[in-house]
Trainee: 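Dropping the structure in here first, questions after.
Since the model is a prediction, treat every value here as computed from it, not as a measurement.
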Amino acid sequence: MENIQKNKRELLGLIVSDKMDKSVVVQIERYVQHKVYKKFMKRYKKYHAHDEKNECRIGDTVKIIETRPLSKLKRFRVSEIVKKAV
């Protein structure tokens, strides 16, 4: 029997908090269209992600990937830092 890997969500977002140990809060921005007025609006959602080496800082753009539950809130881990903050 083959090992079939499920498709895991990958999201790109901005770090808004790094005060926890080995954890960061990542804000994801997406655009949705209003049903009546057809205008595109920004929608935000925050995810808690695991940062094993504590190398992420506020303002960094990171890619996070879905993983098994690591704690009460953490369901993602940081896979790479796309852009460092200035």
Trainee: Hey, does the side chain of D18 reach the backbone of V24 with a donor-acceptor pair shorter than 3.5 angstrom?
Mentor: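 No.
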
Trainee: Between K39 and H34, do the side chains contain an N or O donor and an N or O acceptor separated by less than 3.5 Å?
Mentor: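 Checked: K39/H34 side chains show no N/O donor-acceptor pair below 3.5 Å.
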
Trainee: First locate atom NZ of K19, then atom CD1 of I58, and finally report the distance between them rounded to the nearest 0.5 Å.
Mentor: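 So the NZ of K19 and the CD1 of I58 are separated by 7.0 Å.
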
Trainee: Please report the C-alpha distance between I65 and F76 in whole Å, then the side-chain angles of each, then the deciding distance to 0.1 Å, and finally whether the side chain to side chain contact (heavy atoms under 4.5 Å, CB included) criterion is met.
Mentor: CA-CA 5 Å; I65 190 164; F76 286 84; 5.7 Å; no

Trainee: Does the side chain of K74 pick up a donor-acceptor pair with the side chain of S23 at under 3.5 Å?
Mentor: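 Per modelled atom types, K74 and S23 side chains form a pair under 3.5 Å.
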
Trainee: Strictly distance-based, threshold 3.5 Å: is any side-chain N or O of R57 a donor or acceptor partner for the main-chain N or O of N54?
Mentor: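 Yes, R57 side chain to N54 backbone: donor-acceptor pair under 3.5 Å.
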
Trainee: Verify the cluster assignment for I28 and V62: are they in a single hydrophobic cluster under the rule of side-chain heavy atoms below 4.5 Å apart?
Mentor: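 Linked within one cluster.
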
Trainee: Quick one: pull up CD in Q27 and OH in Y44 and give me the separation to the nearest 0.5 Å.
Mentor: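 OH of Y44 is found 6.5 Å from CD of Q27.
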
Trainee: Would you give the length of the straight line joining atom CG of L14 to atom NZ of K83, rounded to the nearest 0.5 angstrom?
Mentor: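 Spacing of CG (L14) from NZ (K83) equals 9.5 Å.
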
Trainee: Using the side chain to side chain contact (heavy atoms under 4.5 Å, CB included) rule, take I64 and Y47 through it: C-alpha gap first, then chi angles, then the decisive distance, then the call.
Mentor: CA-CA 9 Å; I64 57 175; Y47 294 98; 4.2 Å; yes

Trainee: R77 and T67: which non-hydrogen atoms are nearest, and at how many Å?
Mentor: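 Here R77 and T67 meet closest at N-CG2, 4.1 Å.
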
Trainee: Looking at every heavy atom in both G59 and A85, which two are closest together, and how far apart are they?
Mentor: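 In this case the closest contact between G59 and A85 is C-CB, 3.6 Å.
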
Trainee: Can a donor-acceptor pair be found, under 3.5 Å and without considering hydrogens, that links the side chain of S79 to the backbone of K63?
Mentor: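 At least one qualifying donor-acceptor pair exists.
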
Trainee: Consider only side-chain heavy atoms of I, L, V, M, F, W and Y, link residues closer than 4.5 Å, and tell whether I15 and L70 are in one cluster.
Mentor: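 I15 does not cluster with L70.
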
Trainee: With a 3.5 Å distance limit and no angle check, can you tell me whether Q33 reaches the backbone of K38 through a side-chain donor-acceptor pair?
Mentor: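 Yes: the side chain of Q33 pairs with the backbone of K38.
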
Trainee: Using the side chain to side chain contact (heavy atoms under 4.5 Å, CB included) rule, take M20 and V25 through it: C-alpha gap first, then chi angles, then the decisive distance, then the call.
Mentor: CA-CA 9 Å; M20 297 171 280; V25 179; 3.7 Å; yes

Trainee: Using 4.0 Å as the upper bound for N to carboxylate O, is an ion pair formed by D51 and K22?
Mentor: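 No.
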
Trainee: If you measure from CD on E10 to CD on E66, what distance do you get to the nearest 0.5 Å?
Mentor: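 Here the rounded value is 10.5 Å.
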
Trainee: Kindly check if the number of other-residue, nucleotide or ligand heavy atoms within 6.0 Å of NZ (K46) is above 12?
Mentor: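 Count not over threshold, so no.
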
Trainee: To the nearest 0.5 Å, what is the distance between CZ (R75) and NE2 (H50)?
Mentor: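 Answer rounded to 0.5 Å: 14.0 Å.
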
Trainee: Less than 6.0 angstrom separating the ring centers of F40 and Y31, yes or no?
Mentor: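 Not close enough - the centres of the two rings lie 6.0 Å or further apart.
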
Trainee: Go through the steps to decide whether V82 and L12 satisfy the test side chain to side chain contact (heavy atoms under 4.5 Å, CB included), and finish with yes or no.
Mentor: CA-CA 9 Å; V82 176; L12 199 67; 3.6 Å; yes

Trainee: Looking only at heavy atoms, which two atoms of V78 and C56 are closest? And how far apart?
Mentor: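 So the two residues come closest at CG1-SG, 4.0 Å.
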
